[in-house]
> 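Input: one structure, supplied below.
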Amino acid sequence: MEPLNVEHRGRTLRGVLHLPHPHREPVPAVVLCHGFGENRMGSRDEFVRLARILSGKGVAAYRFDFAGFGESDGDPVEFAISDQASQLDAVLDQLERNRALLPERISVLGFSMGALTAVLVAGRRQVPSLALWAPSGGPLNLPYWNRGPYRGQIRDWGYADYRGVRFGSAFLDDLPGLDQFAAAGRHAGPALIAGGTEDGLMWAEFLEPYREVWGDRLELRTVAGMGHSPGTLAERQELLDMTSAFLLRTV
């Protein structure tokens, strides 16, 4: 594991690269994109554990903090999915130049809003495979955001408070212009969607458009009883097992 930072629009995105050991020639890799308000560790250390599983099987993994979160530069009030997609582009550009990696074999995994970010980027560049944990509905979630107190908080305070995480108008103003399903239709490789049976983002309205565009290239897997993220050790292990099996087969 070694530090590897990426520069993006005057901000340093801080991350770490897990390489197989011993490492004698270029290897495939997977980029891990965390969810809103989280960081490169994952909500329950899932990203650390997944990176160790992959690197132990000969596949590198890169974990990084999006701008405004974790140890990266930036203000969370400026958070927007389109900006995160641009950050992920910068990450992939740098990894493709890394001599330790095979540039044509860098896949992407994202959780929640990180999954939405991953889909958008996979729709505009060649990604061998794509893994999504509980992908955010993006524009489909707008009624939720508009019904809440967030617009009023932004008007009164200059930011909104979502479970202790700040965000601003940039996020809400950006959502209507996103089309993750059109982007998904441009991804030509295999895809995994994994999540909990008790997570509202795994309902048909959020998943059927992916089924339509990916057909039999989509693997849809669920963890019984799990919510938006693992709540038990068994749930976490099941999620990691199904995801690592997919990535090691498709990267």
> Could you tell me if the side chain of R124 sits less than 4.5 Å from the side chain of R186, heavy atoms only?
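They are not in contact (no side-chain heavy atoms under 4.5 Å apart), so the answer is no.
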> Of W157, Y159, W145, which is the lone residue that meets ring pair (Phe, Tyr, Trp, His ring centres under 6.0 Å) with Y150?
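Testing Y150 for a ring pair (Phe, Tyr, Trp, His ring centres under 6.0 Å) against W157, Y159, W145 leaves exactly one candidate, W145.
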> For the atom pair CG (L132) and SG (C33), what is the distance rounded to the nearest 0.5 Å?
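Spacing of CG (L132) from SG (C33) equals 10.0 Å.
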> Classify the side-chain pair T12/N5 by whether it contains a donor and acceptor separated by less than 3.5 Å.
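The answer is no; no qualifying pair exists.
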> State, with a plain yes or no, whether a side-chain heavy atom of I193 is found less than 4.5 Å away from one of W214.
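When only atoms from C-beta onward are counted, W214 and I193 do touch, with a gap below 4.5 Å.
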> Would you indicate whether D216, at its atom CG, is surrounded by more than 12 heavy atoms from other residues, nucleotides or ligands within a distance under 6.0 Å?
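No - once you tally the heavy atoms of other residues, nucleotides and ligands closer than 6.0 Å, there are 12 at most.
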> Is the shortest heavy-atom distance from the side chain of I53 to the side chain of T243 under 4.5 Å?
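In short, these two side chains do not touch, never coming nearer than 4.5 Å.
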> With hydrophobic residues grouped by side-chain heavy-atom distances under 4.5 Å, do L17 and V251 end up in a single group?
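No, separate clusters.
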> Can you name the closest pair of heavy atoms from P76 and G68 and give their distance?
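Nearest heavy atoms, P76 then G68: CD-O, 3.5 Å.
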> For a quick check under 3.5 Å, do N98 and Q94 share a side-chain donor-acceptor pair by atom type?
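Side-chain D/A pair, N98 to Q94: absent.
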> Check whether any side-chain heavy atom of I81 lies under 4.5 Å from a side-chain heavy atom of M113, and answer yes or no.
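Of all side-chain heavy-atom pairs linking M113 with I81, at least one is under 4.5 Å.
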> Are any side-chain N or O atoms of N141 and backbone N or O atoms of G137, one a donor and one an acceptor, separated by less than 3.5 Å?
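Such a contact is found between N141 side chain and G137 backbone.
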> Could you label the plane-to-plane angle of the F111 and H228 rings as parallel, tilted or perpendicular, counting under 30° as parallel and over 60° as perpendicular?
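The arrangement is tilted - the two ring planes meet at 30° to 60°.
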> If you draw a 6.0 Å radius around CZ in R221, do more than 12 non-hydrogen atoms from other residues or ligands fall strictly inside?
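Not more than 12 within 6.0 Å, no.
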> Between Y62 and L13, is there a shared hydrophobic cluster once you connect ILVMFWY residues whose side-chain heavy atoms come closer than 4.5 Å?
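Yes.
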> Hey, is CD on Q126 packed in by over 12 heavy atoms from elsewhere, all under 6.0 Å?
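12 or below, so no.
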> Give me the other members of the hydrophobic cluster that L102 sits in, counting Ile, Leu, Val, Met, Phe, Trp and Tyr linked by side-chain heavy atoms under 4.5 Å, directly or via other members.
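The other cluster members (ILVMFWY side chains, heavy atoms under 4.5 Å, direct or chained): none.
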> With sequence neighbours left out, what residues match F181 under ring-ring contact (aromatic ring centres under 6.0 Å, His included)?
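Once residues adjacent in sequence are excluded, the partners of F181 under the ring-ring contact (aromatic ring centres under 6.0 Å, His included) criterion are Y210.
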> Determine whether Q180 and P139 make a side-chain contact, defined as any pair of heavy atoms from C-beta on separated by less than 4.5 Å.
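Yes, at least one pair of side-chain atoms sits under 4.5 Å.
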> Heavy-atom distance under 4.5 Å between the side chains of N146 and R151, does that happen here?
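Side-chain contact under 4.5 Å: yes.
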> Can you tell me how far the CZ atom of R44 sits from the CG atom of L240, to the nearest 0.5 Å?
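Separation between the atoms: 13.0 Å.
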> With a 6.0 Å cut-off on ring centres, are F69 and F36 close enough?
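Yes, ring centres under 6.0 Å apart.
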> Roughly how far apart are L201 CG and W203 CH2, rounded to 0.5 Å?
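Reported value, rounded in 0.5 Å steps: 8.5 Å.
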> In sequence, state the C-alpha distance, the side-chain angles, and the governing distance for L192 and L247, and then conclude on side-chain contact (heavy atoms from CB on, under 4.5 Å).
CA-CA 9 Å; L192 168 74; L247 290 170; over 6 Å; no
> Do W133 and L239 come close enough that some side-chain heavy atom pair is under 4.5 Å?
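A side-chain contact exists here, since the closest heavy-atom pair is under 4.5 Å.
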> Hey, does N39 have a side-chain heavy atom less than 4.5 Å from the side chain of F47?
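The answer is no; the side chains never approach within 4.5 Å.
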> Going by salt bridge (Lys or Arg N to Asp or Glu O under 4.0 Å), R11 matches just one of D65, D83, D73. Which one?
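Answer to the salt bridge (Lys or Arg N to Asp or Glu O under 4.0 Å) test with R11 among D65, D83, D73: D83.
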> Can you see which heavy atom on G185 is nearest to which on V213, and at what distance?
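Shortest heavy-atom contact: CA-CB, 4.0 Å.
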> Can a salt bridge be assigned to the pair R211 and E208 using a cut-off of 4.0 Å between side-chain N and carboxylate O?
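E208 and R211: salt-bridged.
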> Working to the nearest 0.5 Å, report the span between CD of E238 and CE of M226.
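E238 CD to M226 CE: 8.0 Å, rounded to 0.5 Å.
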> Ignoring hydrogens and geometry, is there a side-chain-to-backbone donor-acceptor pair from S136 to G138 under 3.5 Å?
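Yes, the answer is positive, given that a donor and an acceptor are paired below the 3.5 Å cut-off.
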> Give me the atom names and distance for the closest heavy-atom approach of G110 to A115.
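Result for this residue pair: O-CB, 3.2 Å.
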> For the pair D45 and R52, find out whether any cationic side-chain nitrogen is under 4.0 Å from an anionic carboxylate oxygen.
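No, this pair does not count.
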> Run the side-chain donor-acceptor check on residues 161-169: report pairs under 3.5 Å with partners two or more places apart or on a different chain.
from: D161; atom 1: OD1; to: G164; atom 2: N; distance (Å): 2.9
from: R166; atom 1: NH2; to: D75; atom 2: OD1; distance (Å): 3.3

> Yes or no on side-chain contact (heavy atoms from CB on, under 4.5 Å) for R40 and L32, after CA distance, side-chain angles and deciding distance?
CA-CA 8 Å; R40 63 181 182 259; L32 310 181; over 6 Å; no
> Give, for atom CD of E38 and atom CD of E46, the distance between the pair rounded to the nearest 0.5 Å.
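One finds 7.5 Å between CD of E38 and CD of E46.
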> Do R217 and H187 get their side chains close enough for a donor-acceptor pair, meaning under 3.5 Å?
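No, no side-chain donor-acceptor pair sits under 3.5 Å.
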> Working to the nearest 0.5 Å, report the span between CG of L92 and CZ of R97.
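So the CG of L92 and the CZ of R97 are separated by 11.0 Å.
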> For A194 and M202, which heavy atoms make the closest approach, and how far apart are they?
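A194 and M202 have their closest heavy atoms at C-CE, 4.0 Å.
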> Do V48 and V16 land in one hydrophobic cluster if side-chain heavy atoms of ILVMFWY residues count as linked below 4.5 Å?
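No, V48 does not connect to V16 through the hydrophobic network.
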> L120 and L88: same hydrophobic cluster, using ILVMFWY side-chain contacts below 4.5 Å?
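Looking at the clustering, L88 is in the same group as L120.
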> Start with the C-alpha distance between R9 and Q87, add both sets of side-chain angles, then the distance that settles side-chain contact (heavy atoms from CB on, under 4.5 Å), and finish with yes or no.
CA-CA 9 Å; R9 297 177 181 172; Q87 295 171 49; over 6 Å; no
> Spell out, yes or no, whether V31 and F246 are grouped together once hydrophobic residues are joined by side-chain heavy atoms under 4.5 Å, including indirect joins.
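No.
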> Taking all atoms of both residues into account, what is the closest heavy-atom pair of L50 and S244, and its distance?
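Shortest heavy-atom separation between L50 and S244 comes out as CD1-CB, 4.0 Å.
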> Step by step, work out the side-chain contact (heavy atoms from CB on, under 4.5 Å) result for T117 and F66.
CA-CA 11 Å; T117 302; F66 281 113; 4.1 Å; yes
> For the residue pair S82 and D174, what are the closest heavy atoms and their distance?
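Nearest pair, atom of S82 first, then D174: OG-OD1, 2.6 Å.
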> Look at atom CD of E104 and say whether more than 12 heavy atoms of other residues, nucleotides or ligands are closer to it than 6.0 Å.
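Result for CD/E104: enclosed.
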